[in-house]
Amino acid sequence: MRKKIVIILIILGVCILIASPVAAKEKVKVKIKSDDCVIKNKGYIVIKLVDKNGREIKSSGKVNYTITDKNGNYKWVYKSYGSGIRVKYDVGKYNVNVKFFGDSHYNKAEKTKQITVKNTFNPYTYYDDHNWGLNQVIDDYIEDNYWDEEIYDDAATYDGEGY
């Protein structure tokens, strides 16, 4: 009788272990977008892996991405994901294909999307939009290339010469 009870408990334990949520992997979505801030006709393509709640995951799983421009030139990368990928590109249209191979906690995922990197940076209105001091790279770029008191007098009639 004891052997039967022990065998039933072992079978029940194995069934519970197999059906437990610990063994289930979470679904992952790939998000691809372009960063709005562009300097010197360059911008960023941003690749993120998010869980079902939209929060970015942290994983050491492998990711493969291919970014192709309109001329057929491409960049192919295969590496560990970590968290977030930002790749700098010229202004233009790109076809981005991302494959995440998954790991012990997350399922695999794949997405292809056409991205347009736009030139949305306007140095004349950057500080008017309350961006002062938020990005040192942009602040240095404006100071080196656009800083002149005459800009702020009347940007429409600015001729590029100082007083």
Side-chain angles (χ1 to χ4, degrees), residues 1-123 126-127 129-142 144:
M1 183 72 164
R2 283 189 181 194
K3 287 182 180 181
K4 287 182 181 180
I5 293 174
V6 171
I7 292 173
I8 291 173
L9 288 176
I10 290 173
I11 292 172
L12 186 61
V14 169
C15 290
I16 290 172
L17 182 63
I18 290 173
S20 72
V22 174
K25 291 185 176 185
E26 285 189 50
K27 290 185 178 180
V28 175
K29 293 180 186 174
V30 178
K31 295 217 172 189
I32 305 168
K33 66 176 191 159
S34 64
D35 197 348
D36 292 339
C37 191
V38 177
I39 296 179
K40 293 185 181 179
N41 289 328
K42 297 256 186 208
Y44 290 97
I45 295 175
V46 180
I47 300 169
K48 290 186 178 183
L49 301 176
V50 296
D51 62 10
K52 64 183 176 185
N53 298 322
R55 289 177 286 184
E56 186 174 0
I57 68 168
K58 297 202 184 293
S59 171
S60 60
K62 298 292 184 184
V63 67
N64 170 259
Y65 64 88
T66 306
I67 301 174
T68 310
D69 66 8
K70 64 181 178 179
N71 299 322
N73 301 320
Y74 67 92
K75 178 177 184 175
W76 183 89
V77 178
Y78 179 80
K79 67 177 196 170
S80 292
Y81 174 70
S83 64
I85 298 170
R86 290 175 53 93
V87 186
K88 188 182 260 188
Y89 271 93
D90 293 333
V91 170
K93 291 185 179 187
Y94 298 93
N95 191 29
V96 182
N97 182 12
V98 179
K99 291 179 187 175
F100 175 63
F101 296 97
D103 61 12
S104 61
H105 191 66
Y106 297 104
N107 283 331
K108 57 185 174 180
E110 182 175 358
K111 184 172 186 177
T112 300
K113 186 174 182 181
Q114 179 127 19
I115 291 290
T116 302
V117 177
K118 301 176 190 170
N119 189 357
T120 58
F121 176 70
N122 185 348
Y126 181 74
Y127 295 127
D129 296 334
H130 307 289
N131 291 314
W132 186 269
L134 296 178
N135 189 325
Q136 189 62 47
V137 174
I138 293 176
D139 290 345
D140 292 343
Y141 177 75
I142 290 174
D144 293 342

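Partners of Y89 according to the ring-ring contact (aromatic ring centres under 6.0 Å, His included) rule, which considers only residues two or more places apart in sequence or in another chain, are Y94. Applying the ring-ring contact (aromatic ring centres under 6.0 Å, His included) rule to Y74 yields no partners; only residues at least two apart in sequence or on another chain are considered. Looking at residues two or more places apart in sequence or on another chain, you find a side chain to side chain contact (heavy atoms under 4.5 Å, CB included) between K29 and V50. A search for side chain to side chain donor-acceptor pair (under 3.5 Å) contacts involving N95 returns nothing, not counting sequence neighbours.
One distance of note links CD1 of I57 with NZ of K52; it measures 13.5 Å at 0.5 Å rounding.
Listed by first then second residue, pairs satisfying salt bridge (charged side-chain N to carboxylate O under 4.0 Å, His left out) with a partner in residues 79-90 read D35-R86, K42-D90, not counting sequence neighbours.
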Could you walk me through whether Y78 and F101 satisfy the ring-ring contact (aromatic ring centres under 6.0 Å, His included) test, starting with their C-alpha distance in whole Å, then the side-chain angles of each, then the deciding distance to 0.1 Å, before giving a yes or no? CA-CA 10 Å; Y78 179 80; F101 296 97; 5.7 Å; yes

Check step by step if side-chain contact (heavy atoms from CB on, under 4.5 Å) holds for V117 and I45. CA-CA 7 Å; V117 177; I45 295 175; 3.9 Å; yes

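Screening V30, V98, N97 for a side-chain contact (heavy atoms from CB on, under 4.5 Å) involving E110 leaves a single residue, N97. The only option from I47, V87, T112 that meets the side-chain contact (heavy atoms from CB on, under 4.5 Å) definition with V96 turns out to be I47.
One N or O on the side chain of D51 and one on the backbone of N53 form a donor-acceptor pair closer than 3.5 Å. Between the side chain of D69 and the backbone N or O of N71 there is at least one donor-acceptor pair closer than 3.5 Å. Judged by distance alone, the side chain of S34 and the main-chain N or O of T116 form a donor-acceptor pair under 3.5 Å.
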Counting only pairs under 3.5 Å, give me each side-chain donor-acceptor contact of residues 60-68, with atom names and distances, residues two or more places apart or in other chains.
{"from": "K62", "atom 1": "NZ", "to": "S80", "atom 2": "OG", "distance (Å)": "3.3"}
{"from": "N64", "atom 1": "ND2", "to": "V77", "atom 2": "O", "distance (Å)": "3.2"}

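Counting only heavy atoms from C-beta outward, the side chains of Y81 and K48 approach each other to under 4.5 Å. Contact check for K25 versus H105: no side-chain heavy atoms found under the 4.5 Å cut-off.
Within a 6.0 Å sphere centred on NZ of K99, other residues, nucleotides and ligands contribute 12 heavy atoms or fewer.
The minimum heavy-atom distance between K113 and I32, with the atom names listed, is NZ-O, 3.1 Å.
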